[in-house]
> 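Quick one: the structure is below, questions incoming.
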Amino acid sequence: MERVLGIGGCFVRSADPDALLAWYRDALGMDLGPYGLWHQDDGPTVVAAFPTDSEYLGDPTQRTMLGFRVRDLDAMLEQLRVLGARVDPQTQDMDGVGRFGWVTDPDGNRVELWQPA
């Protein structure tokens with residue numbers, strides 16, 4: 001049986017795509033090349049489904065959420081605060097999984113940041 005090898009892309013709609021991609025590049029440090037090509041480090045990826053009434057993804061109209069692995073969650077959240085981003089004041093620790101934090105991008109999308117255990 002064939003299997004997928006990993007996440008091949010994250011696609012979002014935006015009224016100002018260039019500004020939104022600049023935010024992901026400048027605020028999250030994503031090295032985005034031509035066509036948004038991003039070479040990332042190997043590591044785990046989570047694929048999960050939530051009930052339609054779940055508050056985990058933020059605004060009820062948001063049907064998907066981007067999630068990115070980070071090396072140091074506290075340092076990333078502080079970097080985002082300094083840049084004026086809307087950072088959720090709560091973080092979550094999951095035994096054996098790691099730590100989670102959230103930020104809202106300039107288009108209002110909740111984004112999860114994960115420091116694996």
> Please answer: with hydrophobic residues joined when any side-chain heavy atoms are less than 4.5 Å apart, are F68 and W23 in the same cluster?
yes

> Answer with yes or no whether the hydrophobic clustering places V12 together with V111; edges join I, L, V, M, F, W, Y residues whose side-chain heavy atoms lie under 4.5 Å apart.
yes

> Any idea which heavy atoms bring C10 and L66 closest together, and the distance?
CB-CD2, 3.2 Å

> Looking at side-chain heavy atoms only, is the closest gap between T91 and L77 below 4.5 Å?
yes

> Linking I/L/V/M/F/W/Y whenever any side-chain heavy atoms sit under 4.5 Å apart, do I7 and L32 land together?
no

> Can you tell me how far CD of Q79 sits from CG of D74, rounded to the nearest 0.5 angstrom?
12.5 Å

> So, for R69 and T45, which heavy atoms are closest and what is the spacing to 0.1 Å?
NH2-OG1, 4.3 Å

> Examine V87 and L57 and state if one hydrophobic cluster contains both, with Ile, Leu, Val, Met, Phe, Trp and Tyr joined whenever side-chain heavy atoms are less than 4.5 Å apart.
no

> Which heavy-atom pair separates L20 from P106 by the least distance, and what is that distance?
CD1-CD, 3.7 Å

> Kindly state each residue pair satisfying side chain to side chain donor-acceptor pair (under 3.5 Å) with at least one member in residues 105-117, sequence neighbours excluded.
S14-D107, Y24-D105, Y56-E112, D88-R110, W102-E112, D105-N109

> Taking the side chain as every heavy atom from C-beta outward, state whether P116 and V97 have any pair of such atoms under 4.5 Å apart.
no

> Looking only at heavy atoms, what is the nearest atom pair of A85 and V103, with distance?
CB-CG2, 3.7 Å

> Would you find more than 12 non-hydrogen atoms of other residues, nucleotides or ligands less than 6.0 Å from D31 atom CG?
no

> Over all heavy atoms of both residues, which pair between L113 and M76 is shortest? Give the atoms and the distance, please.
CD1-CG, 3.8 Å

> Same cluster for L73 and M30 if Ile/Leu/Val/Met/Phe/Trp/Tyr side chains link at under 4.5 Å?
yes

> Between L28 and L80, is the side chain to side chain contact (heavy atoms under 4.5 Å, CB included) condition met? List the steps.
CA-CA 8 Å; L28 297 182; L80 291 163; 3.8 Å; yes

> I need the minimum non-hydrogen distance between M94 and Q92, along with the two atoms involved.
CG-NE2, 4.0 Å

